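In what follows, a single structure is set out as structure tokens and then discussed.
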There are 2 protein chains.
Amino acid sequence: MFETIQALADSTRFEILQMVRHNEMSAGEIAGHFKGITRPAVSQHLGILKKSGLLTQRREGTRRIYSIRPEGFAELRTFLEDFWDPRLIKLKAAAEKSQKKLRRKK
Amino acid sequence: MFETIQALADSTRFEILQMVRHNEMSAGEIAGHFKGITRPAVSQHLGILKKSGLLTQRREGTRRIYSIRPEGFAELRTFLEDFWDPRLIKLKAAAEKSQKKLRRKK
DNA sequence: CACTAACGTAAGTTTATACTAACATATAGT
DNA sequence: ACTATATGTTAGTATAAACTTACGTTAGTG
């Protein structure tokens, strides 16, 4: 899970995900969109994204096609939903309300 | 948004969030839970978390109390929901289904 | 006002991460 | 079998991020 977050937290990898978000792309196509960064570097990023579960890869001849792995994003969403339970917001709001009341009575 | 993701992607900051998730804590209390890391380092992490919108801070005398900022997490959740639109999953699933049918007819 | 407690901040150092260059592999075509 | 294309891998380097030490600040206390 934390691995997934770390995979997201790099601007190049973030861009890659934006790129393949709708249409799957080959490693070469992806690398072609980056200027000022070499192909091997992109390849390494693809490896990290794959390992983290945010991308999947399939082979097509000599090319490797990368596409979004929805499950990876779903897991992350679920984690965030569970992390900060909205029910706690209500409890906190109630607590603050009663505190204000007490202060006013002083 | 990306700032938020980067803020999450550090193990110390991740732990801090787990700690204050349910009960707000002072900077000193938080730093006290970390051995092998100094108080100033924790303070810097708190600054990053605050700047990213995941924590809020209020003063109480000489102490600073940190607590989760629900909006920060909500924004992140929303982003992830929008990022990979679930409707696309259905489209893709449908496409694959019809492909299988075509293959069977061969 | 002097002193302490609880912090944040800044400058410099260490460590982790991204990057490059050179090499390795695998598939397709001639 | 040879060559080209598309890509991954590895070792070493450069850059960014986290950490430490020393210092600064603000609110309470005698």
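Note on naming: letters A, B, ... go to the chains in the order of the sequence lines (proteins, then strands), and numbering restarts at 1 for each one. All values reported here derive from a predicted model rather than from experimental measurement.
Residue order along DNA chain C, read from the 5' end via each residue's closest nucleotide, puts B:Tyr66 first among B:Tyr66 and A:Arg39. When the nearest nucleotides of DNA chain C are assigned to A:Arg13 and B:Arg64 by heavy-atom distance, the more 5′-ward of the two goes with B:Arg64.
Note on A:Glu60: nothing from the nucleic acid sits closer than 4.0 angstrom, heavy atoms only. A:Gly32 comes within contact range of no nucleotide atom at all, as no heavy-atom separation falls under 4.0 Å. Counting non-hydrogen atoms under 4.0 angstrom, B:Glu29 reaches nothing in the nucleic acid.
Taking 4.5 Å as the limit, every side-chain heavy atom of A:Gln6 sits out of range of all side-chain heavy atoms of B:Gln6. Side-chain contact between B:Thr38 and B:Val42 is absent, with no heavy-atom pair separated by less than 4.5 Å. The side-chain heavy atoms of B:Asp10 and B:His45, taken from C-beta on, include a pair separated by under 4.5 Å.
In this entry the distance linking CZ of B:Phe2 with C1' of D:dA16 reads 13 Å, nearest Å. Spacing between atom CD1 of B:Ile65 and atom C1' of C:dA6 amounts to 10 Å, rounded to whole angstrom units. One atom, CG of A:Asp10, and another, P of C:dT17, lie 11 Å apart when rounded to the nearest Å. Rounded to a whole Å, the CD1 atom of B:Ile16 is 13 Å from the C1' atom of D:dC19. If you take CE of A:Met25 and C1' of D:dT7, they are 15 Å apart, rounded to a whole angstrom. Nucleotide C:dG8 holds its P atom 16 Å from the NZ atom of B:Lys51, rounded to whole Å. In this structure, B:Leu55 atom CG and C:dC7 atom C1' are separated by 16 Å, rounded to whole Å. Atom-to-atom, CZ of A:Phe34 to P of C:dA18 comes out at 13 Å; the value is rounded to the nearest Å.
Note that CD1 of B:Ile5 is 5.0 Å distant from CG of A:Leu8, once rounded to the nearest 0.5 Å.
Closest contact between the side chain of B:Thr38 and the listed nucleotides D:dT26, D:dG8, D:dT20 involves D:dT20. Listed candidates were D:dG8, D:dC19, C:dA6. Nearest to the side chain of B:Thr12 is D:dC19.
Other residues, nucleotides and ligands contribute over 12 non-hydrogen atoms within 6.0 Å of the CZ atom of A:Arg69.
Residue A:Arg59 places at least one side-chain N or O under 4.0 Å from the OP1 or OP2 atom of C:dT27. For A:Ser26 and D:dA6, the shortest distance from a side-chain N or O to OP1 or OP2 is not below 4.0 Å.
A salt bridge does not link B:Glu15 to B:Arg13: none of the charged nitrogens lies less than 4.0 Å from a carboxylate oxygen. Salt bridge annotation for B:Arg77-B:Glu75: absent, with no cationic side-chain nitrogen under 4.0 angstrom from a carboxylate oxygen.
Annotation: ring pair (Phe, Tyr, Trp, His ring centres under 6.0 Å) contacts involving residues 53-74 of chain A, sequence neighbours excluded, comprise A:Phe73-B:Phe83.
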Set out, in order, the CA-CA distance, both residues' side-chain angles and the distance that settles side-chain contact (heavy atoms from CB on, under 4.5 Å) for B:Met19 and B:Glu29, then state yes or no. CA-CA 10 Å; B:Met19 290 170 60; B:Glu29 282 180 293; over 6 Å; no

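For residues 40-49 of chain B, proximity to DNA chain D is found at B:Pro40, B:Ala41, B:Gln44, B:His45, defined as any non-hydrogen atom under 4.0 angstrom from a strand atom.
Between the axis at the start and the axis at the end of the helix from C:dC1-D:dG30 to C:dT30-D:dA1 there is an angle of 20°, using five pairs per end and rounding to 10 degrees.
The heavy-atom pair separating A:Thr56 from A:Ile68 by the smallest distance is OG1-O, 4.1 Å.
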